[in-house]
A.B. asks: 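My structure is below; once you've seen it, I'll send some questions.
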Amino acid sequence: TALISSNLFFKERDIFLFALGLSIITTAMMGLTETTLMMAIIRFLAGIASALTLIVGTSLIFKRFDISGDSNLKLAHFCGFGLGITISALAVSSTTYYGFDWSSQWLLMALLCCILAVPILIFVLYLGGSAIMVGFKSKEENKLNKDENKERYFLFIINKNTNSFT
């Protein structure tokens with residue numbers, strides 16, 4: 001979070017997009033190198049990029065969930081990690097089955113990442129992160145609805161005890 005201060009030039013979205021791009025580029029670079037030292041350097045950079053993507057991306061998404069007042073969706077966000085692991089396992093298995101070597105697999109995984117990054121880019125760049133909130137109410141609206149429902153429930157109990165209904 002030290003990199004993402006309101007006093008610094010970088011915004012969360014910028015860091016997220018940079019890290020996402022670096023993660024895809026380092027995935028492709030793995031298919032273009034054969035030396036162990038370069039692979040170690042690339043994987044180190046990929047690890048930093050992946051960590052930033054995970055942490056900053058989660059922060060961006062959780063802020064949107066907090067704005068909507070529906071923090072239950074935070075748990076659903078983490079299902080994406082399992083889905084990502086499953087997709088990559090299936091992709092590696094299928095490319096191995098069709099005879100692709102390890103360097104071609106890295107390049108194909110980078111291509112897959114590019115394809116899967118398109119909805120993320122649309123969401124972050126063009127929709128301002130608001131697309132997921134379609135149909136959701138602000139935290140204030142949710143609070144008003146909850147208070148209104150509590151008031152109705154309370155009035156129902158009072159009326160029920162007096163044997164009259166409204």
Side-chain angles (χ1 to χ4, degrees), residues 1-33 35-95 100 102-146:
T1 57
L3 287 174
I4 312 170
S5 170
S6 60
N7 299 331
L8 295 178
F9 177 72
F10 300 109
K11 301 285 184 210
E12 282 181 307
R13 186 182 85 157
D14 299 332
I15 293 172
F16 174 74
L17 293 172
F18 172 76
L20 180 64
L22 183 61
S23 185
I24 293 170
I25 290 168
T26 54
T27 300
M29 288 173 62
M30 284 298 292
L32 302 174
T33 188
T35 65
T36 306
L37 178 61
M38 282 306 294
M39 286 183 182
I41 293 169
I42 292 168
R43 293 314 301 151
F44 177 75
L45 292 173
I48 292 171
S50 303
L52 281 172
T53 303
L54 171 71
I55 293 166
V56 178
T58 299
S59 173
L60 288 169
I61 290 169
F62 279 15
K63 282 182 183 177
R64 297 303 299 174
F65 290 156
D66 287 341
I67 289 169
S68 74
D70 196 351
S71 60
N72 293 332
L73 292 174
K74 290 179 180 179
L75 294 174
H77 163 69
F78 289 104
C79 293
F81 301 122
L83 184 61
I85 292 167
T86 302
I87 289 171
S88 60
L90 291 172
V92 169
S93 295
S94 62
T95 55
F100 289 94
W102 66 269
S103 62
S104 298
Q105 288 179 350
W106 279 108
L107 293 172
L108 286 171
M109 294 308 117
L111 178 64
L112 179 61
C113 289
C114 286
I115 293 167
L116 294 174
V118 170
I120 295 168
L121 293 174
I122 291 170
F123 177 76
V124 172
L125 293 175
Y126 298 108
L127 300 176
S130 61
I132 198 166
M133 295 302 124
V134 172
F136 290 99
K137 298 175 183 165
S138 70
K139 189 183 285 188
E140 291 77 21
E141 288 176 308
N142 281 337
K143 185 177 181 328
L144 288 173
N145 288 340
K146 286 178 186 175

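These numbers come from a predicted model, not from an experiment.
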A.B. asks: Which heavy atom in Trp102 sits nearest to a heavy atom in Thr33, and how many Å separate them?
C.D. replies: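 For Trp102 versus Thr33, the nearest heavy atoms are CH2-O, 3.2 Å.
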A.B. asks: Does a side-chain heavy-atom distance below 4.5 Å link Leu32 with Leu107?
C.D. replies: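 They are in side-chain contact.
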A.B. asks: Would you say Ile24 and Cys114 make side-chain contact, with heavy atoms under 4.5 Å?
C.D. replies: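 They are in contact (side-chain heavy atoms under 4.5 Å apart), so the answer is yes.
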A.B. asks: To the nearest 0.5 Å, how far apart are CD1 in Ile42 and OG1 in Thr27?
C.D. replies: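 The OG1 atom of Thr27 is 10.0 Å from CD1 of Ile42, to the nearest 0.5 Å.
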A.B. asks: Looking at side-chain heavy atoms only, is the closest gap between Leu112 and Ile87 below 4.5 Å?
C.D. replies: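 In contact.
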A.B. asks: Please check this pair: side chain of Ser59 against backbone of Ile55, looking for a donor-acceptor N/O pair closer than 3.5 Å.
C.D. replies: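 No; zero donor-acceptor contacts below 3.5 Å.
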A.B. asks: Taking all non-hydrogen atoms of both residues, which atom of Val56 and which atom of Glu12 are closest, and how far apart?
C.D. replies: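 That closest heavy-atom pairing would be CG1-O, 3.2 Å.
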A.B. asks: Can you name the closest pair of heavy atoms from Ile115 and Pro119 and give their distance?
C.D. replies: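 Distance-wise, the nearest heavy atoms are O-CD, 3.6 Å.
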A.B. asks: Side-chain contact, heavy-atom cut-off 4.5 Å: Arg13 with Leu17?
C.D. replies: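 Yes; the side chains approach each other to less than 4.5 Å.
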A.B. asks: Just by modelled atom types, is the Ala46 backbone N or O under 3.5 Å from a matching donor or acceptor in the Ser50 side chain?
C.D. replies: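 Pair found, side chain donor or acceptor close to backbone of Ala46.
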A.B. asks: So how far is it from Leu116 CG to Leu121 CG, rounded to the nearest 0.5 Å?
C.D. replies: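 CG of Leu121 is found 11.0 Å from CG of Leu116.
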A.B. asks: If you look at every heavy atom in Ser88 and Ile85, which pair is closest and at what distance?
C.D. replies: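 Heavy atoms of Ser88 and Ile85 come nearest at OG-O, 3.0 Å.
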A.B. asks: Check whether any side-chain heavy atom of Ile120 lies under 4.5 Å from a side-chain heavy atom of Phe16, and answer yes or no.
C.D. replies: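 Result yes, sub-4.5 Å side-chain heavy-atom pair found.
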A.B. asks: Do Leu54 and Phe81 come close enough that some side-chain heavy atom pair is under 4.5 Å?
C.D. replies: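 Touching, per the 4.5 Å side-chain cut-off.
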A.B. asks: Rounded to the nearest 0.5 Å, what's the gap from CG on Leu22 to CE on Met29? Could you check?
C.D. replies: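 It comes to 8.5 Å.
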A.B. asks: With a 6.0 Å cut-off (strictly less than), is the heavy-atom count around CZ of Phe44, excluding the residue itself, greater than 12?
C.D. replies: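 It does not: Phe44 CZ has 12 such atoms or fewer within range.
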A.B. asks: Return the OG1 to CG distance between Thr95 and Leu90, rounded to the nearest 0.5 Å.
C.D. replies: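 Separation between the atoms: 10.5 Å.
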